[in-house]
Amino acid sequence: MQKKSGNKLFKYLYKFHIYGGLFSSAFFIIIGITSINYNHPNLLKKEKFREKTYYKQFTFKSDSTDIIVQHATDSLKLFGHRPWWMQGRDKENNFYFQIIRPGKQYLIVVLEDEKQLKVTERSMGIIHALSGMHVASGGLPKSTVFSIWSVYSHAAVLTGLISLFLSIYFWLKKSKLKRWQWIGTGSAFAISLTFILYIWLIG
């Protein structure tokens, strides 16, 4: 009876190992590709951006630039990060600001005399979008979509780590290594762990 229970647990763990790995795979693929791009920016082909400009009626006025930005963003029904250092006045004294998202960037100019917003929309390439998703794992920019992405990211990391430990467990359980192979594998693991602990403790 105990052996059957053990076999049943083994099957459940094996299934979790497989499906958990598949669940986490998309996230780790994104992290892997974008990590290569961060470390070797010249390795991947530079992408071309697509731009288009359009106008939208905007009659709101205020002395507060923060309130103008909020109203303009709401009227365009956009979300994203609005860096404070990417806003100001142009040569015609029109107020402008930018909205940054992983897949798109927006330059919005408030044309007060024309009572319009001039919106320049730049569509980013796939690598840039994936890099933005890498950073957006923390839930930024604030939106429902990226809140869901943040939850998925944390779940994928946790599930992926459990699947990884299960992989090591199944490998140890089924492998038939010779003594020198055990020594080599254990040494590689010990070196990696020691290096991580050194960075953590020493800084």
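All values reported here derive from a predicted model rather than from experimental measurement.
How far CD1 of Ile162 is from OH of Tyr169: 15.5 Å, rounded to the nearest 0.5 Å. In this structure, Leu166 CG and Lys15 NZ are separated by 14.5 Å, a value rounded to the nearest 0.5 Å. Taking OG1 of Thr159 as the reference point, atom CG of Leu161 lies at 9.0 Å (rounded to 0.5 Å). Taking CD1 from Ile68 and CZ from Phe95, the interatomic distance works out to 6.5 Å, rounded to the nearest 0.5 Å. Interatomic distance, Ile108 CD1 to Met86 CE, rounded to the nearest 0.5 Å: 12.0 Å. One distance of note links CD1 of Ile126 with OG of Ser131; it measures 9.5 Å at 0.5 Å rounding.
Between Ala156 and Ser24, the shortest heavy-atom contact is O-OG, 2.9 Å. Met133 and Pro102 get closest at one heavy-atom pair: N-CB, 4.0 Å. Residue Ala72 comes nearest to Phe97 through the heavy atom pair CB-CZ, 3.8 Å, listed as atom of the first residue, atom of the second, then distance. Scanning all heavy atoms of the two residues, the minimum distance from Ser123 to Lys104 falls at OG-CE, 3.8 Å. For Asp90 against Val109, the heavy-atom pair with the smallest separation is OD2-CG1, 4.0 Å. Pairing each heavy atom of Gly20 with each of Ser163, the nearest pair is C-OG, 3.5 Å.
A single hydrophobic cluster is not seen to contain both Leu117 and Tyr96; linkage of ILVMFWY side chains at heavy-atom distances under 4.5 Å, directly or through other members, places them apart. No path of Ile, Leu, Val, Met, Phe, Trp and Tyr side chains, each step under 4.5 Å between heavy atoms, connects Leu78 with Tyr55, placing them in separate hydrophobic clusters. The hydrophobic clustering, which links ILVMFWY residues whose side-chain heavy atoms are closer than 4.5 Å, places Leu111 and Leu107 together. In the hydrophobic clustering of ILVMFWY residues, with side-chain heavy atoms under 4.5 Å counting as a link, Val151 and Val157 come out apart. Hydrophobic cluster membership differs between Ile100 and Val119, with clusters built from Ile, Leu, Val, Met, Phe, Trp and Tyr side chains linked at under 4.5 angstrom.
By the neighbour-count criterion of 12 heavy atoms within 6.0 Å, atom OH of Tyr14 is sparsely surrounded, having that number or fewer from other residues, nucleotides or ligands. Other residues, nucleotides and ligands contribute more than 12 heavy atoms inside 6.0 Å of the OH atom of Tyr54. Heavy-atom contacts from other residues, nucleotides or ligands closer than 6.0 Å to CZ of Arg89 number more than 12. Annotation: Gln57, atom CD; neighbour count of heavy atoms from other residues, nucleotides and ligands within 6.0 Å does not exceed 12.
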Exercise for review: Apply salt bridge (Lys or Arg N to Asp or Glu O under 4.0 Å) to the pair Lys61 and Glu112, showing each step before the final yes or no.
Suggested key: CA-CA 8 Å; Lys61 288 186 177 182; Glu112 294 182 356; 5.7 Å; no
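Exactly one of His71, Glu114, Lys115 qualifies for a side-chain contact (heavy atoms from CB on, under 4.5 Å) with Phe58. That residue is His71.
Counting Ile, Leu, Val, Met, Phe, Trp and Tyr side chains that sit under 4.5 Å apart, directly or through other members, Phe49 shares a hydrophobic cluster with Met124.
A donor-acceptor contact under 3.5 angstrom links the side chains of Gln70 and Asp74, judged on distance only.
For Ser187, the side-chain contact (heavy atoms from CB on, under 4.5 Å) partners are Ile183, not counting sequence neighbours.
No cation-pi contact links Arg101 to Tyr106, judged by a cut-off of 6.0 Å to the six-membered ring centre and 45° from its axis.
Between Phe170 and Leu13, some side-chain heavy-atom pair lies under the 4.5 Å cut-off. The shortest side-chain heavy-atom distance between Ile67 and Phe60 falls under the 4.5 Å cut-off. By the 4.5 Å heavy-atom criterion applied to side chains, Arg122 and His128 are not counted as neighbours. Considering only heavy atoms from C-beta on, Ile33 stays 4.5 Å or farther from Asn37 through its side chain.
Taking the centre of each ring, Tyr152 and Phe23 come in below the 6.0 Å mark. Aromatic ring centroids of His134 and Tyr38 lie under 6.0 Å apart.
Under the 3.5 Å distance criterion, the side-chain polar atoms of Ser150 are left unmatched by any main-chain donor or acceptor of Ser147.
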